[in-house]
Structures are given as structure tokens and as C-alpha cells.
Amino acid sequence: MATATAPEAAGTQKADIFGDAVELPVISRPKPKFELMLTDSSDSDEDLPLAQRKLSLAAARPQPAARPASQASRPPSQSSQRTDTKRKSTGTGGSIKKKARESDASTRPRRSEQAAPDAAEIRWTTLEHSGVLFPPEYQPHGVKMLYDGVPVDLTPEQEEVATFYAVMLETDYMTKETFKKNFWEGFSEVLGPKHAIQCLRKCDFTPIYEWHMAERERKRALTKEEKLRLKEEREAAEADYKFARVDGKQEQVGNFRVEPPGLFRGRGEHPKMGKIKKRIYPRDITINIGKGCPLPKHPFPGQTWREVRHDQTVTWLAYWRDPVNTKEYKYVFLAATSTWKSESDLLKYEKARKLKDSIADIRAEYTRNWDARDRRERQMATALYFIDKLALRAGHEKDEDEADTVGCCTLKVENVECLPPNHIKFDFLGKDSIRYENTVDVDPKVFQNLQLFSREDANGKAKQPGDQLFECFDAQDLNVRLKELMDGLSVKVFRTYNASIVLDRLLTGEVDSESVEAKKAAYDTANKEVAVLCNHQRAVPKGHVGQMEKLTAKMEALHAELAELQADLKLALKGLPGKDGRKLNAESLENRASKKQQQIEKAEINFKVKEDLKTVALGTSKINYLDPRITVAWCKRNEVPLERIFNRSLYQKFAWAMEVEPEYAF
DNA sequence: TCTACAACTTAGTACCACCTAC
DNA sequence: GTAGGTGGTACTAAGTTGTAGA
């Protein structure tokens with residue numbers, strides 16, 4: 001039985017992967033397979049544990065100004081009251097959408113220009129980097145697509161767009177009319193009105209697709225040496241862009257590559273899927289860099305960056321406007337391992353831990369408000385119950401040109417079904433158009449409220465499909481309320497809190513096995529609980545059915561072999577020869593049967609795990625929701641090598657959590 | 001007061017390199 | 001040596017949030 005290792009008894013050892021400054025309690029684990037990228041140790045607080053350092057940093061930084069007293073003390077009933085009339089129902093199945101944004105962002109003064117940023121907002125003093133890496137210019141291949149069975153000449157620009165489409169011929173997008181319609185709009189524009197190609201139906205992109213597949217195969221068939229040479233060339237080209245220097249410290253850049261052109265691959269039924277994502281040039285990109293630093297170079301003579309800023313209040317290095325969703329931006333940020341991201345992670349988990357101290361009061365408050373006379377109060381309290389218990393996302397109103405997905409605050413009446421006596425069935429498309437389907441038992445008061453909210457609005461008018469379930473408030477209103485309950489609280493904190501507290505609870509007991517395999521399985525089970533809670537789904541892996549069939553056949557073969565061994569063993573124990581007259585050795589047969597049994601058990605576990613997890617994504621919660629200190633502490637207590645749980649990336653991302661005490665509780 | 005922007009986090013998927021079993 | 005499986009990683013879409021400014 002594994003026992004928790006007391007820190008005093010455990011002592012500490014230097015762990016070279018973390019650099020000299022970090023000490024780990026002794027646990028029996030092999031040297032990790034990978035090295036952490038060492039951070040600059042010139043910080044004056046280098047003797048502090050990393051976690052404390054970050055906290056100290058956070059504490060040292062002036063806190064943002066408190067909310068105006070008027071806002072802070074405003075009684076809930078007086079806060080931005082949203083009425084039924086404000087949010088009109090479409091009654092046609094569509095959700096209420098925001099008015100399309102029309103103003104040009106470039107005409108708006110930027111935050112940093114409005115006034116000198118106060119000290120609380122300054123994120124850096126010096127910032128040096130090499131900008132962004134552009135994808136190579138298009139190289140025409142000369143393969144002709146067919147129109148009405150006849151090869152057609154295309155200009156390089158037209159050929160490029162045709163190729164965007166051709167490479168997607170075998171994807172599900174080809175079954176989507178929206179995708180094809182949007183592509184055709186873009187393609188026909190590139191072709192021009194007088195082009196021979198006049199409709200998509202007669203287009204045959206197969207020759208280009210076949211060329212693409214042959215290219216892929218050619219690259220796959222390169223020799224090891226050729227592949228290595230290409231890799232080295234690629235790395236040499238990227239070297240300058242991989243790192244930035246922030247206040248003198250080298251930091252990894254996350255996404256330094258400019259997104260290449262292609263077709264927009266929106267998820268679910270995104271109305272813009274198939275639109276052409278045009279090529280981005282320096283003239284589209286705004287660079288953020290320290291004053292006096294050399295400007296990043298780019299390979300386009302005659303072009304200049306769209307703009308160069310020296311905004312010390314933000315952490316992005318570059319951005320450009322999304323060419324498809326033109327109201328949005330694409331940013332280049334530092335990598336997850338950077339100090340900025342680590343700080344931000346730590347603060348996120350500390351905020352979630354703070355919620356732990358307030359959660360009882362918050363629950364008491366929303367429970368009281370299930371009976372509130374004010375409909376808005378009652379709706380908010382009901383919604384918050386679901387956010388808390390089911391870890392639902394906030395859900396903001398969306399434009400017509402976005403996928404029609406919802407969160408808690410934007411649920412429509414048809415997304416919930418009240419099943420007496422107290423079951424609520426949820427069925428809606430959430431983020432990424434992932435379906436949330438869940439039936440839960442709720443408090444009778446919540447059940448009554450939901451029946452009312454889905455039946456009629458505040459004026460007693462019957463609701464129709466497409467109408468909002470909670471029509472009296474939105475996510476922003478709820479966040480304002482949450483800030484009254486706890487400083488810094490917002491809806492998303494509940495997801496972090498719930499994910500981490502569930503993991504913490506599930507990992508509290510001792511694992512009933514000495515084997516690392518069994519311990520890891522216990523961890524994965526807990527991880528799975530969280531993933532299910534957060535509705536982290538994935539597509540069933542390709543070939544899953546085939547794999548399961550193979551596993552089934554393998555298990556059947558193993559069982560048959562075991563049966564044979566057991567039959568022989570019976571004969572051997574009676575001193576009889578085998579069916580074929582062979583002499584049998586009982587001891588050997590017993591060993592072989594035992595090994596076979598183990599093989600069967602292993603295969604059965606493998607089968608079950610595979611089937612269980614075929615639609616569950618474990619990684620998302622590990623990366624975003626689970627306080628890594630829970631995992632690190634559990635590994636220390638249970639003598640599980642951390643690299644069995646965290647891969648290299650997570651190891652680096654959570655470097656700040658490594659020296660946590662084994663007794664750490666979320 | 002409200003909307004839209006700007007900045008950031010969270011998310012699933014495609015692809016590729018590596019490992020393992022045969 | 002090879003095929004198939006697996007895990008890591010890059011990519012980029014799609015959320016959330018706080019707040020400026022009309």
C-alpha cells in the first residue's frame with residue numbers, strides 16, 4: 001500500500017530538470033525523460049519557491065482600481081435591469097443576436113493612447129522580438145482541374161484557390177452546402193465573370209487532389225537523411241522567431257507563424273465555412289515592440305508593417321485582423337511556458353481556490369433567491385445553480401454570422417425539458433458545436449422555476465421555440481452580480497473551481513495498489529470524471545471500430561488458449577498425458593495459465609478503457625482546468641513519476657507548480 | 001447604460017514522429 | 001522491416017471577460 005510521504009521524512013533533492021533553484025521532495029522516480037527550458041535566474045527573488053515568486057510578483061503589482069463605490073454597493077435589484085422588452089424573442093427558433101458591429105476599429109483610439117497607462121497596467125519595460133514568420137509564397141503546380149470534363153487553364157491565383165478546395169475533397173466539409181456555397185462565391189470572384197467556369201457542379205478537382213496526395217506520398221517516402229535535412233532547414237528558418245526577450249529574459253513565443261491562406265474551417269454549422277482565408281502580408285500586421293528596438297524584418301520588399309506600437313499594457317507581439325471573421329483579430333502571444341502565461345495560470349487557480357472559501361455563502365444566496373419575487377433574481381439564481389453544479393459556460397449572445405451555439409445564459413426553451421417530478425433534460429450545442437446532453441435531478445424549486453421560465457415570459461405571454469429561457473439577464477449581468485459576491489469572480493471561475501475540486505476529492509484517498517499502472521489508471525479515472533463534467537468530447541478516433549474488433553478477436557483467442565491450458569492442467573494433475581499423447585508438466589502449465597490470465601485481464605482493461613474514452617478528451621482539462629499542484633502533490637504522495645501524468649509540454653507549462661508540498665490540497 | 005472592441009483563455013482536430021508487435 | 005497504433009504538438013477556431021466610449 002502506498003503511503004503519503006511526509007515532507008520532513010522525505011527530505012529534498014536537487015532536480016536538475018528544474019534548475020538549481022528548485023528543490024523536490026524525494027520520491028522514488030527515475031530521471032525525467034525531458035529537460036525543462038531553464039528560466040533566467042537573475043530575478044532577485046530566486047531563492048523563493050517558484051509559486052511564491054509568482055504570488056509575490058502578483059502581490060507587488062498595484063491592484064487594479066476598485067470598482068466605484070456606487071457600483072459596488074448598488075443593490076442587485078437596481079443594477080442594470082434587463083427587461084423582457086429589451087431582449088425580444090424571435091419566436092422563430094433563432095436566438096437573439098447582437099447588432100452587427102459596423103464601426104472600424106482602426107478609427108477608435110486605443111487604450112494605451114488615451115492616457116498614460118497607470119502602473120497597474122504595465123506588463124513590460126523592454127520587449128524585443130523578430131516578428132512573425134510568413135508562409136512561403138504560392139508555387140503553381142500546373143495541374144489542371146476539369147470543367148465539364150475538359151481541362152481548364154487557371155492563373156496561379158485561381159489555381160491556388162482551386163487547390164484549397166481540392167485538398168479538402170475527402171473531408172466532411174464536402175457534404176455541407178454552406179461550405180460549397182461560400183467557396184463558390186469566393187472562387188467565382190477570383191475567376192471573374194467571363195471565365196469558362198460558371199458553376200461548381202461541373203467542376204472536377206480530382207486531378208489536383210491526386211497531385212496533392214502524390215506530393216504527400218513523395219514527402220513521406222523521402223529518406224531519413226533528406227527528412228533530417230529539411231527539418232534542419234526548417235528549424236534554421238524558425239530560429240529567430242522562436243524567442244522574444246521580455247525585460248531582458250528570454251521567453252518562448254507561441255504562434256510566431258502567420259496563418260497560411262486556405263478555406264475557413266468553421267465548426268458545426270458555421271455560416272462562414274468555406275470562405276477564402278486570404279494571404280496575410282506585412283501591411284496587414286501590427287507589431288508591438290519596445291521603443292528603440294530594431295524593427296522585425298520581413299521578406300516583402302516595398303511593404304511596411306501596418307503599424308508599429310510600443311504598448312506596454314498588453315502582452316501580444318503582433319496581430320492582424322481575421323480575414324474571414326473581420327470583427328476579430330489573430331494575435332501572436334508568448335508560449336504557455338512563458339512567465340506571463342505562468343503568472344496568469346497561477347492567478348487563475350488561486351482565484352478558483354478563493355471561490356472555495358466563498359462557495360458556501362454563494363450557494364446559500366442563490367438557493368434563497370430561487371424563491372425571489374423578482375423574476376430576474378430568480379432567473380439568475382437558477383442559472384447560477386446550473387453553472388455551479390453542471391459547470392456550464394456563461395453563454396454570450398452571438399451574431400448571425402457565427403455558429404448558433406449556446407451557453408447557460410443563452411439557453412433557449414427547446415434546450416431544456418422538464419420531466420416530472422424533478423428531472424431536467426438538457427440538450428444543446430455548446431462551444432465548438434459540441435452537443436451537451438444530460439438529464440439531472442434538481443431541487444423541486446429549481447424544477448418549478450424552469451417550468452415557469454420555459455412556459456411564459458414576465459408578462460405571462462407563452463414562450464415559443466427560439467425564445468430565451470432566461471430572458472431577464474445576460475452573461476455580463478451575471479458577472480456583475482458575481483463580482484458583488486466575491487472580488488474577481490466570473491462565471492468561468494466556477495468551471496476551474498469545480499474541475500479542480502473534483503480532481504482533488506477523487507485523488508484524496510490512497511490508491512489500493514502498489515503498481516504504478518494501477519495508480520495511473522486511478523488518476524485517469526478521476527481525470528475522466530472531470531472531462532465528463534466539463535463535457536470535453538472528441539470525435540471517435542478513426543479506425544476505432546476496427547481496433548475494437550481486433551481486440552475482441554484477440555481476447556477470444558486468449559480465452560481459447562487459456563481454456564486449452566486449463567484442460568491440459570487438469571489432465572496433468574491426474575498424471576495423464578495430453579490429447580496428442582504429449583507428456584504434461586503441471587507446474588509449467590500453471591505458470592502459463594497464470595500468464596495467460598494476466599494477458600486477458602490486461603486486454604480487457606485496455607478494451608474497456610478504449611471504449612470508455614472513445615469520445616472523452618482528457619487533455620483539455622489537464623491543460624486548462626486542473627490545478628497542476630493537485631497532480632504534482634498526488635504524484636509525490638503516491639510515488640508516481642510525474643512524467644507518467646504530464647507530458648513534456650505540461651511539465652514545462654506547469655514548472656511553477658513543481659515544488660508543491662505532497663499534502664497540498666486545492 | 002449599453003455595445004462593441006480588444007485581449008486573452010479554452011477547445012478540438014490534423015498531422016507527424018516514434019514506438020511496438022509481428 | 002513494416003504496419004498500425006499512440007501520443008505529442010501545431011494549428012487555429014471559438015469561447016469569455018473587462019472596459020472604452022457613444
Side-chain angles (χ1 to χ4, degrees), chain A residues 34 64 67 71 79-82 86 98-115 123 171 216 219-220 224 227 231 254-257 259-260 262 264-268 270 272-273 277 288 311 313-316 319 321-322 324-325 327-331 333-336 340-341 344-345 348 393-399 402-403 405-407 409 430-434 474-480 482-483 488-493 495-496 534-539 541-544 546-547 550-551 554 606 610 617-621 623-625 647-650:
Chain A
F34 29 78
R67 276 174 296 114
Q71 194 185 341
S79 62
S80 61
Q81 180 90 14
R82 209 165 274 262
K86 181 178 169 294
K98 284 184 283 191
K99 204 175 91 187
R101 296 168 230 160
E102 283 160 6
S103 68
D104 180 0
S106 63
T107 61
R108 285 184 96 213
R110 291 176 290 273
R111 236 180 269 175
S112 54
E113 286 174 349
Q114 291 148 15
R123 305 297 301 269
T171 68
R216 226 157 86 158
K219 283 180 190 158
R220 198 168 292 162
K224 218 174 172 183
K227 279 183 185 167
K231 191 179 171 196
N255 52 329
F256 52 82
R257 284 185 195 80
E259 293 178 17
F264 177 64
R265 300 179 179 213
R267 298 178 186 151
H270 198 295
K272 290 193 172 180
M273 61 167 70
K277 248 177 80 169
N288 194 34
D311 189 344
T313 68
V314 295
T315 63
W316 52 265
Y319 84 82
R321 200 169 267 276
D322 184 331
V324 174
N325 299 297
K327 291 165 238 158
E328 287 158 31
Y329 306 93
K330 300 285 193 175
Y331 291 89
F333 290 112
L334 291 186
W340 281 336
K341 298 286 186 189
S344 166
D345 257 2
K348 174 178 77 180
R393 293 188 189 84
H396 291 77
E397 293 168 53
K398 302 188 77 182
D399 285 346
E402 295 174 277
T405 59
V406 301
C409 302
K431 183 178 178 180
D432 293 308
S433 294
I434 297 291
D474 67 12
Q476 205 179 350
D477 298 330
L478 189 52
N479 278 335
V480 168
L482 290 176
K483 272 170 195 57
L489 186 61
S490 65
V491 172
K492 82 201 260 292
V493 181
R495 260 167 93 78
T496 314
C534 295
N535 201 36
H536 290 146
Q537 295 189 32
R538 60 170 183 163
K542 276 176 193 159
H544 174 79
Q547 278 178 35
K550 273 185 196 167
L551 272 178
K554 187 179 167 187
N606 189 16
K610 263 209 169 84
L618 295 184
T620 309
S621 48
I623 295 169
N624 299 302
Y625 288 106
N647 62 30
R648 180 191 163 92
S649 297
L650 288 171

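Throughout, protein chains are lettered first and strands after them, A, B, ... in sequence-line order, and every chain is numbered starting at 1.
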Is a side-chain N or O of A:K272 found less than 3.5 angstrom from the main chain of A:V324, in a donor-acceptor match?
yes

Could you tell me whether the phosphate oxygens of B:dA7, OP1 or OP2, come under 4.0 Å of any side-chain nitrogen or oxygen in A:T315?
no

How do A:S621 and A:V314 order along DNA chain B: which one's closest nucleotide is nearer the 5' end?
A:V314

C:dT16 base to A:Q476 side chain: any donor-acceptor pair below 3.5 Å?
no

Determine whether a donor-acceptor pair (N or O, by modelled atom type, separation under 3.5 Å) exists between the side chain of A:D474 and the backbone of A:C409.
no

N or O in side chain of A:S433 less than 4.0 angstrom from C:dA14 OP1/OP2:
no

Counting only side-chain nitrogens and oxygens, does A:K272 get under 4.0 Å of the OP1 or OP2 atom of C:dA13?
no

Output yes when at least one side-chain N/O atom of A:Y625 is less than 4.0 Å from OP1 or OP2 of B:dA11, else no.
yes

Figure out the CD1/P separation between A:I434 and B:dT10, and round it to whole Å.
17 Å

Below 4.0 Å: OP1/OP2 of B:dA7 and any side-chain N or O of A:R123:
no

For a quick test of reading the model: is some side-chain N or O of A:H270 closer than 4.0 Å to OP1 or OP2 of C:dA13?
no

Test item: A:N288 side-chain N/O and A:D311 main-chain N/O as donor-acceptor pair under 3.5 Å:
yes

At under 4.0 Å between heavy atoms, what does A:K431 touch on the DNA or RNA strands: base, sugar-phosphate, or nothing?
base

Nearest-angstrom distance from the residue atom CD of A:E328 to P of B:dA7:
14 Å

Taking all atoms of both residues into account, what is the closest heavy-atom pair of A:R123 and A:T313, and its distance?
CG-O, 3.5 Å

Reading nucleotides 2-11 of chain C from 5' to 3' and marking B where a protein heavy atom lies under 4.0 Å of the base, S where only the sugar-phosphate is that close, and - otherwise, the string is --SSS-SSSS

Atom pair CG/NE2 of A:D432 and A:H270 - distance to nearest 0.5 Å
10.5 Å

In terms of the nearest nucleotide of DNA chain B, which residue is placed more toward the 5' end: A:R538 or A:W316?
A:W316

In whole angstroms, the gap separating C1' of B:dA11 from CZ of A:R265 amounts to 17 Å

Phosphate-side-chain proximity, A:K492 and B:dT9, N/O vs OP1/OP2 below 4.0 Å
no

Quick one: CD on A:Q547 to NZ on A:K554, what's the gap to the nearest 0.5 Å?
12.0 Å

Could you give the CD-to-P distance, from A:E397 to B:dT3, as a whole number of Å?
8 Å

Does B:dT9 have OP1 or OP2 under 4.0 Å away from a side-chain N or O of A:K341?
yes

How many angstroms lie between NZ in A:K492 and CG in A:N624, if you round to the nearest 0.5 Å?
9.0 Å

Using a 4.0 Å heavy-atom cut-off, does A:G430 contact any base of the nucleic acid, only the sugar-phosphate backbone, or nothing at all?
sugar-phosphate

Atom CD of A:E402 to atom P of C:dA14: distance rounded to whole Å?
9 Å

If we ignore hydrogens and angles and just use 3.5 Å, is the side chain of A:K483 paired with the main-chain N or O of A:L489 as donor and acceptor?
yes

Can you check whether A:Y331 reaches A:T315 side chain to side chain, under 4.5 Å on heavy atoms?
no

Looking only at side-chain N and O atoms, does A:K483 come under 4.0 Å of OP1 or OP2 in C:dG18?
yes

With respect to the side chain of A:H536, which nucleotide from C:dA13, C:dT17, B:dG12 is positioned closest?
B:dG12

Minimum side-chain heavy-atom gap A:N255-A:K330 below 4.5 Å:
no

Reading 5' to 3' through nucleotides 16-22 of chain B, protein heavy-atom contacts under 4.0 Å coded B for base, S for sugar-phosphate only, - for none:
-------

Could you tell me whether the phosphate oxygens of C:dT17, OP1 or OP2, come under 4.0 Å of any side-chain nitrogen or oxygen in A:S490?
yes

Where each residue is assigned the nucleotide of DNA chain C containing its nearest heavy atom, which of A:G268 and A:V493 is assigned the position nearer the 5′ end?
A:G268

Give one of base, sugar-phosphate or nothing for A:G407, where a contact means two heavy atoms less than 4.0 Å apart.
nothing

Rounded to whole Å, CD1 of A:I623 lies from P of B:dT13 at a distance of 14 Å

Does C:dG15 have OP1 or OP2 sitting under 4.0 Å from an N or O in the side chain of A:T405?
yes

Of the nucleotides C:dA13, B:dC8, C:dT16, which one has an atom closest to the side chain of A:H396?
C:dT16

Quick one: does A:K219's side chain have a donor or acceptor within less than 3.5 Å of a partner on A:K227's backbone?
no

Side chain to side chain, A:L650 and A:N647, heavy atoms closer than 4.5 Å:
yes

Here the distance between atom C1' of C:dA13 and atom NZ of A:K327, to the nearest Å, is 16 Å

Taken to the nearest whole Å, CE/A:M273 to P/C:dA14 is 8 Å

Mind checking if A:F333 touches a base, just sugar-phosphate, or nothing, with heavy atoms under 4.0 Å?
base

